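Here's the structure we're looking at; comments come further down.
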Amino acid sequence: MLTDTRSGRCAPALLRGRTLVLLLLLSLGLLAALRWSGADAGFGGTVLLRPFDERIDGYDPGQALSVMAGMDTLQYRAYLRYRLLDLLLPWTLGALLAGSLCALGAPRLARAGWVAAVVDTFENLVLWYLMLQDSASVAVVQAASAFTQLKWVVYGLTLGMLGVVLAQRLLRSATARGARGG
């Protein structure tokens, strides 16, 4: 992993600016590819037909099951591609968030990026299970929806921590410049 769990220190590779830029570009590329795959799967038209894990407030089991059952072969393949891409995104985003927190001097908070990646991966695994079932149960859809909501909460908290750490760093920098008279 890119952080040492015992010491809370970040791996030197994660602190390099090039690494963070690469993770940012990779994350943006994956997000664009997900958008394209989701549109091919028939999720581009309305908010109601967006891929499940893009719905912050979760989703209704009846609606989710009917969308899954109503997919034709091309839509199913596109959704399969979407699910494959979404296995990579959590770890790319998690590394980007962890690396950003490390670079800002908050290595212990960097764990939040990895927690977000783990929750997002669990959500993806439940969605895979849902997708591969001939007749998915309401309980599986509810579990996927709960993980979806939890994922957004954890990513939101992690981004909030990143914002607070960045603001503190900027304030310290401004205070130090003011004390030097510059």
Side-chain angles (χ1 to χ4, degrees), residues 1-2 14 19-101 110-163:
M1 197 170 282
L2 298 173
L14 196 57
T19 303
L20 292 175
V21 169
L22 178 65
L23 287 168
L24 176 63
L25 293 174
L26 187 56
S27 295
L28 292 174
L30 284 168
L31 286 169
L34 282 168
R35 181 65 52 199
W36 167 68
S37 294
D40 283 353
F43 294 122
T46 67
V47 171
L48 291 176
L49 294 178
R50 292 175 70 191
F52 305 137
D53 59 337
E54 290 185 18
R55 299 184 197 168
I56 295 172
D57 59 346
Y59 34 92
D60 176 72
Q63 184 187 44
L65 291 172
S66 71
V67 167
M68 294 295 289
M71 284 185 188
D72 63 26
T73 304
L74 290 175
Q75 289 173 321
Y76 184 82
R77 285 184 185 156
Y79 190 58
L80 180 64
R81 185 174 59 236
Y82 181 92
R83 296 269 38 99
L84 286 169
L85 289 168
D86 205 18
L87 289 174
L88 300 173
L89 184 62
W91 298 100
T92 306
L93 281 177
L96 177 62
L97 292 168
S100 298
L101 285 162
R111 292 179 183 140
W114 301 121
V115 170
V118 167
V119 170
D120 197 350
T121 299
F122 276 121
E123 177 219 18
N124 289 332
L125 293 174
V126 174
L127 287 167
W128 267 99
Y129 181 78
L130 173 67
M131 189 179 90
L132 297 174
Q133 296 302 303
D134 289 332
S135 59
S137 70
V138 170
V140 173
V141 177
Q142 289 172 331
S145 181
F147 272 116
T148 297
Q149 292 171 322
L150 181 60
K151 167 188 78 173
W152 287 108
V153 168
V154 175
Y155 275 123
L157 290 172
T158 305
L159 286 169
M161 284 188 265
L162 182 61

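Any value given below was found using the heavy atoms of this structure, including those in side chains, with hydrogens, waters and symmetry copies removed. All residue numbers in this chain count up from 1 along the given sequence. All values reported here derive from a predicted model rather than from experimental measurement.
In this structure the side chain of W128 reaches within 4.5 angstrom of the side chain of L87, judged on heavy atoms. Looking only at side-chain heavy atoms (C-beta outward), L150 and F122 stay at 4.5 Å or farther from each other. Side-chain contact between V119 and W152 is absent, with no heavy atoms from C-beta onward closer than 4.5 Å. Within the 4.5 Å cutoff, the side chain of E123 has no heavy atoms near those of the V126 side chain. Annotation: side chain of L89 is not in contact with side chain of N124 (no heavy-atom distance under 4.5 Å). Looking at Y155 and L97, their side chains come closer than 4.5 Å, going by heavy atoms from C-beta outward.
With rounding to the nearest 0.5 angstrom, the CG atom of D120 is 5.5 Å from the CG atom of D86. Taking CE from M71 and CE from M131, the interatomic distance works out to 8.0 Å, rounded to the nearest 0.5 Å. Here the CG atom belonging to L31 is positioned 9.5 Å from the CG atom belonging to L26, to the nearest 0.5 angstrom. Rounding to the nearest 0.5 angstrom, the gap separating the OG atom in S100 from the CG atom in L23 is 8.0 Å.
Contacts of S27 classified as side-chain contact (heavy atoms from CB on, under 4.5 Å), with partners at least two apart in sequence or in another chain: T92, L93, L96. For the side-chain contact (heavy atoms from CB on, under 4.5 Å) test, residues two or more places apart in sequence or in another chain that qualify with V153 are L157. Take D57 and apply the side-chain contact (heavy atoms from CB on, under 4.5 Å) test, not counting sequence neighbours, and it matches R55.
In this structure a side-chain-to-backbone donor-acceptor pair under 3.5 Å is missing from Y82 to R77.
Of all non-hydrogen atoms in A116 and V154, the two that sit nearest each other are CA-CG1, 3.5 Å. Shortest non-hydrogen contact noted between A64 and Y59 is CB-CD1, 4.1 Å. Across all non-hydrogen atoms, the minimal contact from A117 to G94 is CB-CA, 4.3 Å. Across W114 and A98, no two heavy atoms sit closer than the pair NE1-CB, 3.6 Å. Counting all heavy atoms, side chain and backbone alike, G58 lies closest to S145 at CA-OG, 3.2 Å. Heavy atoms only, all atoms of each residue included: T121 and P90 are closest at OG1-CB, 3.9 Å.
The side chain to side chain donor-acceptor pair (under 3.5 Å) test with Y79 singles out one residue from R83, R81, Q75, and that residue is R83.
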Kindly indicate, with the supporting measurements, whether the criterion side-chain contact (heavy atoms from CB on, under 4.5 Å) is fulfilled by L127 and L130.
-> CA-CA 5 Å; L127 287 167; L130 173 67; 4.2 Å; yes
Derivation of the side-chain contact (heavy atoms from CB on, under 4.5 Å) call for I56 and T148 | CA-CA 7 Å; I56 295 172; T148 297; over 6 Å; no
